[in-house]
Visitor: 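Structure in structure tokens, see below.
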Amino acid sequence: MAQGALPGFRDFYPQELAERAYIMSVWREVARRYAFVEYDGPPLEPLELYTKKSGEEIVGQLYNFDDKGGRQVALRPEMTPTVARMVGARANALRKPVRWFSIPQLFRYERQQKGRLREHYQLNVDIFGEASVAADAELMAAALDMMRAFGLGHDDVRARVSDRRLLRAVLTTIGAAEDAHEAVFAVIDKVERTPRAVSEEKLRAAGLEESATGKLFELLRVRTAAELRAVIGTTNRALDERLAEIEQYLDFTARLGVGEYVQLDLTIVRGLAYYTGIVFELFDAKGEFRAIAGGGRYDTLLASLGGVDLPALGFGMGDVVLGELLRARGLMKSAARPVEVWVAGGERTVDLQKVMSLAASLRAEGLAVEYSLRPQQIAKQFKAAATAGAKRAVIVPLATDAVGGTEYTIRDLDSGEQTKYPDADAVVRALAAAPGAR
RNA sequence: GUGACCGUAGCUCAAUUGGUCAGAGCACCGGACUGUGGCUCCGGGGGUUGCGGGUUCAAUUCCCGUCGGUCACCCCA
């Protein structure tokens with residue numbers, strides 16, 4: 001067996017690259033519709049950029065090394081620190097809100113598994129400088145419009161939304177002490193893949209009363225704001241504020257046309273990281289795959305990284321899980337550009353020369369042209385044209401003999417329809433005038 | 001980092017209880033088809049059976065190690 005790519009890394013053969021290009025083209029197109037503009041940063045960053053935000057533990061999960069100048073560097077595992085730096089550096093000059101997106105290749109030194117490699121391309125969409133929930137709704141709409149653009153309807157994809165501040169208010173309301181919240185978050189984050197008895201035990205250890213635990217499990221099953229209000233029963237000012245906000249958010253997403261995808265789901269916590277407000281994850285409705293995308297609001301991150309104090313929110317969407325889902329649903333397309341015209345001619349070098357001249361003229365018109373690089377039987381050339389997926393073929397008359405006449409023929413390889421032209425110029429004019437040879 | 005399962009041509013797989021078992025289909029290349037393709041027929045290239053040891057008269061088939069793959073845990077992108 002020949003040496004393959006490193007574990008967790010991918011070779012992109014033309015077919016796979018065409019699929020990747022398709023995914024990226026959809027990302028870019030929808031991002032454009034939402035007026036997000038593209039940026040990029042360096043794939044290699046100072047190690048410190050990541051340890052400062054996530055602590056030293058993260059180093060075990062990074063591709064890092066000392067460069068020849070003795071600097072500690074790392075292949076970027078995420079884009080947020082980079083974009084935070086970039087925005088911070090020009091915060092005053094940028095028109096707010098800042099709407100940026102990027103499609104970086106990210107790296108993570110971790111054992112690979114389904115939907116998770118050591119490298120992937122991840123769309124990052126962020127908004128900086130806007131604290132309103134309208135921005136949260138806008139972000140969600142962009143993510144879901146991408147799903148729609150890929151052909152994934154609300155029967156295929158679910159957007160599960162929560163809000164950390166809402167969850168805190170809920171916890172307080174049901175009687176969970178402030179200092180137990182973090183521990184409760186951790187339990188909630190894993191509640192779906194943990195036996196209930198285990199979760200209950202952990203909640204008890206965190207100091208929750210039996211009644212509060214029961215209430216919490218009820219609340220985690222809630223999927224609308226109205227249900228939440230009904231289940232929790234009592235209310236208070238902090239809870240009211242948060243409920244009003246999430247309700248407005250849900251209304252906004254509906255106004256933006258993606259309401260049927262969105263549901264409230266307090267089990268969504270998004271790790272333990274830097275999120276401060278509304279958080280969300282996109283899943284396939286059947287629950288076969290990992291999260292397709294995830295994100296939320298991180299209003300304090302820029303300031304904590306030593307930059308400006310700007311509210312911020314964003315989401316990431318990787319190409320791996322999305323690709324798996326699209327393939328499984330028969331929705332994967334390819335951005336491959338096929339051969340538009342195949343030029344066929346006789347079996348001698350003089351014939352090949354005529355073929356080359358015509359090919360050059362057609363290429364000058366912008367057409368994708370291929371031909372047999374060595375003189376061969378015309379049947380063979382047609383076989384090659386078919387295999388290449390060419391849309392049309394041009395048959396060049398023999399250079400010397402008059403067999404077959406002196407006219408050029410354009411043949412539609414799908415329909416078999418043929419048209420004759422007196423000379424090469426006429427062929428070029430005909431093909432250049434009728435592009436769309438896809 | 002931990003655990004389970006798996007590893008035969010580019011792909012999908014076959015090879016009786018270890019004994020001509022290294023094969024088939026697809027793909028690729030060539031020929032049948034000396035001015036027209038995708039069909040058909042024929043032929044060809046390509047594998048030290050992931051790699052390295054061991055057991056045995058004999059291993060693809062058993063054992064160990066290693067590398068790789070898949071899945072789960074950890075963690076999260």
Side-chain angles (χ1 to χ4, degrees), chain A residues 1-11 13 15 50 54-55 57-63 75-81 103-124 186 189-190 193-194 269-275 281-282 288 290-295 314-322 339 342-348 351 354-355 372 374-418 420:
Chain A
M1 184 88 51
Q3 184 73 36
L6 286 169
F9 285 78
R10 299 170 287 176
D11 286 328
Y13 286 83
Q15 176 60 38
Y50 306 110
S54 311
E57 322 80 67
I58 197 175
V59 176
Q61 300 179 12
L62 296 180
Y63 267 96
L75 289 172
R76 61 187 173 194
E78 58 168 328
M79 201 58 173
T80 304
I103 307 180
Q105 185 176 23
L106 305 178
F107 306 86
R108 202 89 173 191
Y109 193 86
E110 284 182 331
R111 194 146 169 182
Q112 68 166 314
Q113 54 186 296
K114 187 180 183 187
R116 197 129 194 248
L117 308 175
R118 286 181 166 179
E119 146 277 319
H120 73 153
Y121 290 87
Q122 188 192 58
L123 168 72
N124 277 251
D189 192 30
K190 296 181 182 165
R193 30 183 208 283
T194 307
V269 177
R270 294 289 297 157
L272 302 165
Y274 42 80
Y275 290 104
E281 290 187 351
L282 265 43
E288 294 173 43
R290 289 169 172 279
I292 302 162
F315 72 86
M317 185 186 302
D319 70 311
V320 180
V321 174
L322 178 60
V339 174
W342 189 283
V343 184
E347 301 178 43
R348 294 172 302 175
D351 297 312
K354 289 191 72 172
V355 165
S372 297
R374 69 189 135 128
Q376 44 180 192
Q377 302 165 28
I378 197 136
K380 193 66 82 183
Q381 295 182 46
F382 267 76
K383 207 167 281 185
T387 306
K391 173 80 175 161
R392 300 169 213 203
V394 177
I395 303 153
V396 175
L398 292 179
T400 53
D401 303 334
V403 182
T406 59
E407 294 179 306
Y408 285 72
T409 304
I410 295 178
R411 178 184 175 89
D412 184 305
L413 290 172
D414 294 327
S415 66
E417 195 180 315
Q418 299 196 158
K420 289 185 180 298

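Order of the sequence lines sets the chain letters (A, B, ...), proteins ahead of strands, with each chain counted from 1. Keep in mind that this is a model prediction, so the values were computed, not measured.
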Visitor: Is C62(B) paired to anything, Watson-Crick or G-U wobble with both distances less than 3.5 Å, and if yes, which nucleotide?
Guide: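 Base partner found: G54(B).
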
Visitor: What is the separation between atom NZ on Lys383(A) and atom P on A32(B), rounded to the nearest whole Å?
Guide: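 In whole Å, A32(B) P lies 10 Å from Lys383(A) NZ.
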
Visitor: Scan every strand shown for a Watson-Crick or G-U wobble partner of G38(B), both distances under 3.5 Å, and answer none if you come up empty.
Guide: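 With both distances under 3.5 Å required, G38(B) matches none.
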
Visitor: Say we look at C75(B) and G18(B): how far apart would their C1' atoms be, to the nearest angstrom?
Guide: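 It comes out at 44 Å once rounded to the nearest Å.
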
Visitor: At 4.0 Å (heavy atoms only), tell me whether Gly416(A) reaches a base, stays on the sugar-phosphate, or touches nothing.
Guide: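 Counting heavy atoms under 4.0 Å across all strands, the contact made by Gly416(A) includes a base.
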
Visitor: Considering residues at least two apart in sequence or located in another chain, which fulfil the ring pair (Phe, Tyr, Trp, His ring centres under 6.0 Å) criterion with Tyr63(A)?
Guide: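 Testing Tyr63(A) for ring pair (Phe, Tyr, Trp, His ring centres under 6.0 Å), a comparison that skips the adjacent residues, returns Phe9(A), Tyr109(A).
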
Visitor: Supply the atom-to-atom distance Tyr121(A) OH to Leu322(A) CG, rounded to the nearest 0.5 angstrom.
Guide: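 These two atoms lie 15.0 Å from each other.
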
Visitor: Could you check whether any side-chain N or O of Gln381(A) sits under 3.5 Å from a backbone N or O of Gln376(A), counting only pairs where one atom can act as donor and the other as acceptor?
Guide: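 Indeed, once roles are kept as given, a pair shorter than 3.5 Å links the two residues.
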
Visitor: If you measure from the Lys or Arg side-chain nitrogens to the Asp or Glu carboxylate oxygens, is any gap between Lys354(A) and Asp351(A) under 4.0 Å?
Guide: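 Between Asp351(A) and Lys354(A) there is no salt bridge, as every charged N stays at least 4.0 Å from the carboxylate O atoms.
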
Visitor: Without decimals, in angstroms, what is the distance between Leu62(A) CG and G1(B) C1'?
Guide: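 Value for this atom pair: 16 Å.
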
Visitor: Side chain to side chain contact (heavy atoms under 4.5 Å, CB included) with Arg108(A): which of His120(A), Arg118(A), Gln61(A), Arg76(A)?
Guide: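 It is Gln61(A); the other options fail the test.
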
Visitor: Need the pair for G25(B). Rule: Watson-Crick or G-U wobble, both distances under 3.5 Å, any strand; none if unpaired.
Guide: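 Across all strands, the one nucleotide that pairs with G25(B) is C11(B).
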
Visitor: Run the numbers on Arg392(A) and Leu413(A) for side-chain contact (heavy atoms from CB on, under 4.5 Å), then give the verdict.
Guide: CA-CA 5 Å; Arg392(A) 300 169 213 203; Leu413(A) 290 172; 5.6 Å; no

Visitor: OP1, OP2 of C75(B) versus side-chain N and O of Arg270(A): anything below 4.0 Å?
Guide: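 Looking at the OP1 and OP2 atoms of C75(B), neither is under 4.0 Å from any side-chain N or O of Arg270(A).
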
Visitor: Checking all strands, does Leu413(A) fall into the base, sugar-phosphate, or nothing category for heavy-atom contacts under 4.0 angstrom?
Guide: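 The residue Leu413(A) makes base contact.
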
Visitor: What pairs of nitrogen or oxygen atoms, one from the protein and one from nucleotides 69-74 of chain B, lie under 3.5 Å apart?
Guide:
from	atom 1	to	atom 2	distance (Å)
G69(B)	OP1	Gln112(A)	NE2	2.8
U70(B)	OP2	Gln112(A)	OE1	3.1
U70(B)	OP2	Gln112(A)	NE2	3.2
C71(B)	OP2	Lys114(A)	N	2.8
C74(B)	N4	Gln113(A)	NE2	2.8

Visitor: Start at the 5' end of RNA chain B and walk down; is the nucleotide closest to Phe382(A) or to Thr387(A) reached first?
Guide: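 The residue closer to the strand's 5' end, by nearest nucleotide, is Thr387(A).
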
Visitor: In this structure, how many angstroms lie between the C1' atom of A77(B) and the CD atom of Gln61(A), rounded?
Guide: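 Distance, rounded to whole Å: 11 Å.
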
Visitor: Hey, is the side chain of Lys380(A) poking within less than 4.0 Å of OP1 or OP2 on G31(B), counting only N and O atoms?
Guide: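 The answer is yes; a side-chain N or O of Lys380(A) sits under 4.0 Å from OP1 or OP2.
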
Visitor: Report the distance from atom CD of Gln377(A) to atom P of C29(B), rounded to the nearest whole Å.
Guide: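 That distance rounds to 14 Å.
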
Visitor: Report yes if the side chains of Phe315(A) and Leu123(A) come closer than 4.5 Å at any heavy-atom pair, otherwise no.
Guide: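 Yes. Closest side-chain heavy atoms under 4.5 Å.
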
Visitor: Reckon Arg374(A) touches a base, only the sugar-phosphate, or nothing at all at heavy-atom distances under 4.0 Å?
Guide: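 Since only primed, P, OP1 and OP2 atoms lie under 4.0 Å of Arg374(A), the category is sugar-phosphate.
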
Visitor: Expressed in angstrom and rounded to an integer, what is the separation of Arg76(A) atom CZ from C76(B) atom C1'?
Guide: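 Rounded to whole Å, this separation is 18 Å.
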
Visitor: Let me know the distance between CG of Asp351(A) and C1' of U36(B), rounded to the nearest Å.
Guide: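 Roughly 15 Å, once rounded to whole Å.
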
Visitor: Is there a side-chain contact between Arg290(A) and Gln113(A) (heavy atoms, below 4.5 Å)?
Guide: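 Yes, side chains in contact.
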
Visitor: For A72(B), give the paired nucleotide (Watson-Crick: N1-N3 plus N6-O4 or O6-N4; G-U: N1-O2 and O6-N3; both under 3.5 Å), or none.
Guide: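 Its partner is U2(B) (Watson-Crick or G-U wobble, both distances under 3.5 Å).
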
Visitor: Round to a whole Å and report the spacing from CE of Met79(A) to C1' of A77(B).
Guide: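 Met79(A) atom CE is separated from A77(B) atom C1' by 13 Å.
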
Visitor: For Gln105(A) and A77(B), what is the distance between atoms CD and C1' respectively, to the nearest whole Å?
Guide: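 So the two atoms are 13 Å apart, to the nearest Å.
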
